[in-house]
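All remarks here apply to the structure that follows.
Only this structure's heavy atoms are used, side chains among them; waters, hydrogens and symmetry mates stay out. The residues of the chain are indexed from 1 along the displayed sequence.
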Amino acid sequence: AQDDRPGGPQFEMTVEAFFGARHFITSGDSPGPPHHHSYRVEAGLSTASQDENGFVLGFARVRDALESIVGDFNESLLNTRPDFIEHQPTAENIARVIHRLLSERLGDESSLLTKVRVWESPTSSASYSDAAAKA
């Protein structure tokens, strides 16, 4: 029998994808210079149960969905994309947008998505989670 108690044992999985894109950040009324990042994106999923084959959710399904999303961002100027018209394409906002888009693509399994982390350099990252909204 599976232990589905809140706070009980959990299985976790992560999937990563990469893309390159440009962005600029506006401070006050002054837009900064457009510059390029090689982004690394990690999606984390968690659940107390496994499917009949012993999986949390197949890596290929999550990887395909995540790669499709970041493929749409690849080599673009993020500021011109509809997802970033109202909010600047900071690492925090990129993580939030990818989390939303990945949740939409996972459909019924979207509740398994716990966090999306975006690195804009090897030493700088930001993450987004809506775990509080799912509780």
Side-chain angles (χ1 to χ4, degrees):
Q2 298 288 342
D3 184 351
D4 291 324
R5 295 171 297 162
Q10 295 285 301
F11 295 99
E12 294 182 3
M13 67 177 282
T14 59
V15 174
E16 294 183 357
F18 301 85
F19 71 100
R22 294 175 300 126
H23 76 154
F24 61 87
I25 302 300
T26 300
S27 179
D29 291 333
S30 302
H35 56 280
H36 189 274
H37 290 284
S38 294
Y39 291 97
R40 173 181 163 204
V41 179
E42 178 185 89
L45 296 95
S46 178
T47 185
S49 59
Q50 299 164 280
D51 69 15
E52 65 276 0
N53 297 310
F55 296 115
V56 170
L57 188 62
F59 283 115
R61 176 155 183 238
V62 180
R63 184 177 301 109
D64 289 349
L66 185 57
E67 287 181 354
S68 174
I69 292 164
V70 302
D72 289 343
F73 293 164
N74 196 44
E75 297 310 325
S76 68
L77 176 60
L78 295 174
N79 301 71
T80 64
R81 300 196 48 84
D83 293 308
F84 300 108
I85 298 299
E86 291 186 32
H87 301 284
Q88 297 195 81
T90 61
E92 296 88 343
N93 286 331
I94 296 168
R96 181 177 48 82
V97 166
I98 292 173
H99 188 285
R100 178 181 53 80
L101 294 171
L102 186 55
S103 289
E104 291 170 3
R105 293 190 188 198
L106 292 176
D108 292 341
E109 286 89 12
S110 66
S111 64
L112 303 179
L113 182 61
T114 55
K115 178 171 37 177
V116 169
R117 178 174 300 278
V118 173
W119 281 263
E120 67 175 33
S121 78
T123 58
S124 300
S125 69
S127 64
Y128 178 84
S129 170
D130 70 352
K134 293 177 182 176

Sub-4.5 Å side-chain heavy-atom contact between [X] and [Y]:
X    : Y    : value
I69  : V41  : no
H35  : H23  : yes
T14  : V62  : no
V70  : F18  : no
Y128 : V118 : no
I98  : Y39  : no

For residues [X] and [Y], report the shortest heavy-atom separation together with the two atoms involved.
X    : Y    : value
A95  : A126 : CB-O, 4.0 Å
L78  : P89  : CB-CB, 3.7 Å
T114 : S46  : CG2-CB, 3.5 Å
R105 : A65  : NH1-O, 4.0 Å
D83  : R100 : OD1-NH2, 2.6 Å
W119 : P122 : CD1-O, 4.2 Å

How long is the span from the [atom1] atom in [X] to the [atom2] atom in [Y], to the nearest 0.5 Å?
X    : Y    : atom1 : atom2 : result
I85  : N79  : CD1   : CG    : 8.0 Å
S129 : L113 : OG    : CG    : 8.0 Å
I94  : Q88  : CD1   : CD    : 11.0 Å
S121 : H37  : OG    : NE2   : 8.0 Å

Residue pairs involving residues 38-47 (criterion salt bridge (Lys or Arg N to Asp or Glu O under 4.0 Å); sequence neighbours excluded):
E16-R40
When you measure from the side chain of S68 to the backbone N and O of D64, does any donor-acceptor pair fall under 3.5 Å?
no
Donor-acceptor contact present, side-chain N74 to main-chain F19, <3.5 Å:
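Side chain of N74 to backbone of F19, a donor-acceptor pair under 3.5 Å: no, none is there.
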Please tell me whether V97 and L77 are part of a single hydrophobic cluster in this structure, the criterion being side-chain heavy atoms less than 4.5 Å apart.
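The answer is no; the residues belong to distinct hydrophobic clusters.
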Salt bridge present between R96 and E92 (N-O < 4.0 angstrom):
no
Among L66, L45, L101, exactly one meets side chain to side chain contact (heavy atoms under 4.5 Å, CB included) together with L106. Which residue is that?
L45
Residues, nucleotides or ligands: over 12 heavy atoms within 6.0 Å of E75 CD
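Atom CD in E75 is crowded, with more than 12 foreign heavy atoms closer than 6.0 Å.
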Does one side chain, of S76 or R81, offer a donor that lies under 3.5 Å from an acceptor on the other?
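There is no such pair between these side chains.
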